[in-house]
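Each chain gets a letter, A, B and so on, in the order the sequences are listed, and its residues count up from 1. Hydrogens, waters and symmetry mates play no part in the numbers below; they use all other heavy atoms, side chains included.
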Amino acid sequence: MLFTWGMMPVWPVVTREGPLSRLKLEGCTAVIAVSAVQEYLQPLRYGDTLTLTTQISAIGEEKTIPPAMGHFVSTKTIFRNQHGQVVGTHTFTLFMYRPGAREGDA
Amino acid sequence: MKQEWRAGDGLAPLSLDLTLRRAMQAVAGTRDYYPFHHDEKFARENGAEGIFFNTMFLQAFAGRAATEWFGNDAFLRRLDVAMKKSNYVGRTLTIEGTVVHVREADGCRLVDVEATMGTEDGPTTQVKLTVQLPPNVPAWDAP
């Protein structure tokens, strides 16, 4: 569930800019999930209020993962309860790539 | 529920049919409207074989496996899923796992598991998880 708490509600429609939407890697508009590591430090209880902060924790050099060229990017999200205690962490690694770009393409 | 675990213990495989209906439920339930997970045409035009299941679905399936194996009183402490291949609609997803460590930390009994999820296409997803077992419950004394 931890990952889902950070997703936008379907309604009402809100737009929130996250660090990934502000990240500009030349031409890399496509994205695929690579791995997700979560730690659960405390149980969540009814009535808790969660606050999450996300930062980009790593941006790799440009790399070719056939057939695409792009970058591995990791984000780390920390979930805290209303007492400021860390209840969980989520490290998500994505491959952000140029659609259709192959090694050797101009 | 089995209480004593040892490194090398195998865990009963668990399977789930990856139907289109389940894919739509996963999209709605996780609010993940990235088109690869609901739009067949988009998925095919962008290099996938079809609609495939998202990360959160795989995390949830691993969590379900953890409670099947260790009971609802076990507490999942850590979950690591690595997506190697896509899990497509129309396949059957199976998770198989083995206990790799049983240890104590801060008075808690922890079990580390390595597991693989796969479909008819072969292994798709590598999973590592750690569960904290419930404290040993003393035998219930009848009044």
Same apolar cluster: B:V131 and B:L110, side chain cutoff 4.5 Å: no
Gap between atom CZ of A:F3 and atom CG of B:D32 - 0.5 Å precision: 7.0 Å
Same apolar cluster: A:V37 and A:W5, side chain cutoff 4.5 Å: no
Least distance between heavy atoms, B:F75 atom then A:Y40 atom: CE2-O, 3.7 Å
OG on A:S35 to NZ on B:K84, rounded to 0.5 Å: 8.0 Å
Flag if over 12 foreign heavy atoms under 6.0 Å of NZ, B:K2: yes
Gap between atom CE of B:M83 and atom CD1 of A:I32 - 0.5 Å precision: 8.5 Å
B:E104 atom CD, neighbour heavy-atom count above 12 within 6.0 Å: yes
Heavy-atom contact with chain A under 4.5 Å, split by part of B:T55: side chain
Side-chain (B:Y34) to main-chain (A:V31) donor-acceptor, under 3.5 angstrom: yes
Chain A contact via B:N54 - which portion, at a heavy-atom distance below 4.5 Å: neither
Over 12 non-hydrogen atoms of neighbours within 6.0 angstrom of CZ in B:R21: no
Interchain contact, B:F57 with chain A, by part (heavy-atom threshold 4.5 Å): neither
Side chain to side chain, A:Q38 and B:Q59, heavy atoms closer than 4.5 Å: yes
same_hphob_cluster(A:V34, A:L23) at 4.5 Å side-chain heavy-atom cutoff: yes
B:R64, CZ atom: more than 12 neighbouring heavy atoms under 6.0 Å: no
Backbone N/O of A:M7 and side chain of B:R31: donor-acceptor pair under 3.5 Å: yes
